[in-house]
Amino acid sequence: MLLLLAGGGFVAYKQAIEPNLPVISPPPSLEAEGPSTGEDLFVHAIFLQDRRLGGVSDIAVGDLDHRAGTEVVVAGVHGAAVIEDERRKYALIPYALDPDRDYARLVEVVDVDGDGECEFLANELHDAGGPVVLMDHTGQVIWESGDVPPSLSAGDVDGDGELEFAGRIDQSVALVETDGTVVWRREIPHAGSVAMADVDGDGLAEIIYFVVKPEEAQVVVTGRDDSGEVVYEATRKQHWATGGFADSFTVCPWPEHGEAAHILTPASRHLVLANLEGGTVIRGSAPGTNIVDYVWGTPVSRGPGTEPYLASLTYSMKFEASFLRLHDAEGSLLFERATSLNDDDALWPGLAAWQPPGEDHEVLLVGGNGKVWRYEMANSAPTSTQ
């Protein structure tokens, strides 16, 4: 599947749906004006708006520039913004990319060398429309390459304090060094999405991926180390993750279970948060969701002594729509909002939990086209809806 960014929205090229996939009907939220579920539970307001950003594909919270303290860094397809304080003053960072060339354009925030100043990685969901690019904290190009996987995940696999990258390219999984050099490639037919997570508790990230064996109704979860050796392997029932083939998943922490790695993946009409031991943590209703969708997620704290809720953003290629959903720890759907991928108001995959200064709870920040939305529970919101 190829996802191209065009104008104010998206042009989506659908992945072929296999004949044995379940028939998924359009969810009611596609027809709704505004939220279709939980309109009274959550309110939203514009947190940041600047058309120069383009679509916001990542939001990160942490000590990410040379100043002391916590910043909110917003990465758009055209530029980034670093928000220094609760007054939302920000510095815009334009990317030094040639406007006449095609680049991979979903930009993520990374701190490659662990120096407290972030970099920006431009890659894609699947097939790249141009080279992958790593830019420094001023938007200047560090390296670009058409030889690395188009979709990369970052993690420190060798303990040197710097991030490496891993992803799927053709029928292989590859590890890429900090400088963009491909360290190794392993031919692994039918491997799904690739991510980085510490699966064995040694403090180092491993490269994890699924291989589906449909004839045996199994999913093999595999973790490889920095040398490419298999250090973790577990076989699960195929329906454990998706109810079908596991092509798309993302690593999603869940604070109720400590530091253990969890994955969030789309299932037929559901989203599933599971641990790598095979246990389902949350199975939440998600009308219209199919196993070929893309999903991102984060826990959001409601405050001391309360369980967090799970925020997720799903891209549906079948319906050319994005869905923002909030589930409680029991899997109940608290809130749902749908937007067309082709609309100027489409929700983008930028998603982060942020605790405003002086507050005892987190709010959810969600990317849009040239803007960031702030969502929070109505009984704790100091702002009015927009």
Side-chain angles (χ1 to χ4, degrees), residues 1-7 9-13 15 52-58 60 73-80 92-113 117-157 162-188 191-196 207 209 247-248 250 294 296 315 317 341 348-350 367 369:
M1 180 186 62
L2 177 64
L3 187 70
L4 299 178
L5 311 181
F10 297 84
V11 178
Y13 290 81
Q15 178 172 329
R52 294 173 295 176
L53 293 168
V56 173
S57 53
D58 194 22
V73 179
V74 176
V77 299
H78 300 311
L92 186 75
I93 302 171
Y95 303 143
L97 299 177
D98 185 345
D100 295 325
R101 293 184 59 196
D102 291 328
Y103 296 92
R105 296 311 295 267
L106 287 183
V107 182
E108 298 179 33
V109 182
V110 293
D111 184 1
V112 170
D113 50 12
E117 284 193 322
C118 67
E119 286 80 35
F120 302 99
L121 177 69
N123 63 162
E124 284 287 2
L125 285 178
H126 203 281
D127 296 323
V132 173
V133 183
L134 182 68
M135 295 169 283
D136 67 17
H137 62 280
T138 67
Q140 299 299 309
V141 174
I142 298 174
W143 56 259
E144 67 173 73
S145 174
D147 298 324
V148 303
S151 180
L152 292 173
S153 182
D156 184 2
V157 298
E162 297 187 343
L163 299 182
E164 290 77 37
F165 308 101
R168 179 181 61 181
I169 182 169
D170 300 324
Q171 293 291 311
S172 301
V173 172
L175 177 68
V176 179
E177 190 50 87
T178 307
D179 62 2
T181 303
V182 177
V183 180
W184 52 256
R185 285 179 62 165
R186 298 286 186 271
E187 184 175 349
I188 305 169
S193 298
V194 176
M196 297 277 217
I207 300 108
Y209 55 88
D247 183 66
S248 173
T250 186
Y294 290 90
W296 297 263
Y315 273 178
M317 299 300 105
L341 294 182
W348 284 61
N369 187 40

**Student:** Drop me the distance from L92's CG to H78's NE2, to the nearest 0.5 angstrom.
**Tutor:** 11.5 Å
**Student:** Closer than 3.5 angstrom, by distance alone: can the side chain of D58 be matched with the main-chain N or O of V109 as a donor-acceptor pair?
**Tutor:** yes
**Student:** Do you know which two heavy atoms are closest between N369 and W348, and how far apart they sit?
**Tutor:** N-CD1, 4.0 Å
**Student:** With a 4.5 Å heavy-atom cut-off, do D111 and E119 have their side chains touching?
**Tutor:**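 Touching, per the 4.5 Å side-chain cut-off.
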**Student:** Do I207 and M196 come close enough that some side-chain heavy atom pair is under 4.5 Å?
**Tutor:** yes
**Student:** For a quick test of reading the model, state the closest non-hydrogen atom pair linking P131 to E144 and the distance between them.
**Tutor:** CG-OE2, 3.7 Å
**Student:** Of the non-hydrogen atoms in A154 and V110, which two are nearest, and what is the gap between them?
**Tutor:**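 That would be CB-CG1, 4.3 Å.
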**Student:** Where do V132 and P149 come nearest, in terms of heavy atoms and distance?
**Tutor:** CG2-O, 3.6 Å
**Student:** OG of S145 to CG of N123: how many Å apart, nearest 0.5 Å?
**Tutor:** 12.0 Å
**Student:** Do you know the tightest heavy-atom contact between V148 and G180?
**Tutor:** CG1-O, 3.5 Å
**Student:** Do the side chain of E164 and the main chain of V157 share a donor and acceptor less than 3.5 angstrom apart?
**Tutor:**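 Judged by distance alone, yes, a pair lies under 3.5 Å.
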**Student:** Working to the nearest 0.5 Å, report the span between OH of Y294 and OG1 of T250.
**Tutor:**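 Result: 12.0 Å between the selected atoms.
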**Student:** Between V133 and Y95, does a side chain to side chain contact (heavy atoms under 4.5 Å, CB included) hold up when you go through it step by step?
**Tutor:** CA-CA 11 Å; V133 183; Y95 303 143; over 6 Å; no
**Student:** Would you mind listing every salt bridge (Lys or Arg N to Asp or Glu O under 4.0 Å) that reaches into residues 130-142, with sequence neighbours excluded?
**Tutor:**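 For residues 130-142, and leaving out neighbouring residues, there are no salt bridge (Lys or Arg N to Asp or Glu O under 4.0 Å) pairs at all.
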**Student:** Calculate, to the nearest 0.5 Å, the distance between atoms CZ and CG belonging to F165 and D179 respectively.
**Tutor:**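 Answer rounded to 0.5 Å: 9.5 Å.
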**Student:** Which residues pass the ring-ring contact (aromatic ring centres under 6.0 Å, His included) test with Y209, not counting sequence neighbours?
**Tutor:**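 In terms of ring-ring contact (aromatic ring centres under 6.0 Å, His included), with neighbours along the sequence ignored, Y209 is linked to no residue.
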**Student:** So, the side chain of S151 versus the backbone of E124: is there a donor-acceptor pair under 3.5 Å, distance only?
**Tutor:** yes
**Student:** How are the rings of Y315 and W296 set relative to one another: parallel (under 30°), tilted (30 to 60°) or perpendicular (over 60°)?
**Tutor:**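 Rings of Y315 and W296: perpendicular, as their planes differ by over 60°.
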**Student:** Please check if the side chain of R168 supplies one atom and the backbone of A191 the other of a donor-acceptor pair under 3.5 Å.
**Tutor:** yes
**Student:** How far does SG of C118 sit from CD of E108, to the nearest 0.5 angstrom?
**Tutor:** 12.5 Å
**Student:** Does a donor on one side chain and an acceptor on the other come within less than 3.5 Å for D170 and S172?
**Tutor:** no
**Student:** Only counting residues at least two apart or in another chain, list the ones meeting side chain to side chain donor-acceptor pair (under 3.5 Å) with R186.
**Tutor:** none
**Student:** Under 3.5 Å, side chain of T178 to main-chain N/O of L163, donor-acceptor pair present?
**Tutor:**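 At least one qualifying donor-acceptor pair exists.
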**Student:** Which residue in the set I142, I93, L97, L121 passes side chain to side chain contact (heavy atoms under 4.5 Å, CB included) when paired with M135?
**Tutor:**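 Of I142, I93, L97, L121, side chain to side chain contact (heavy atoms under 4.5 Å, CB included) with M135 is met by L97 alone.
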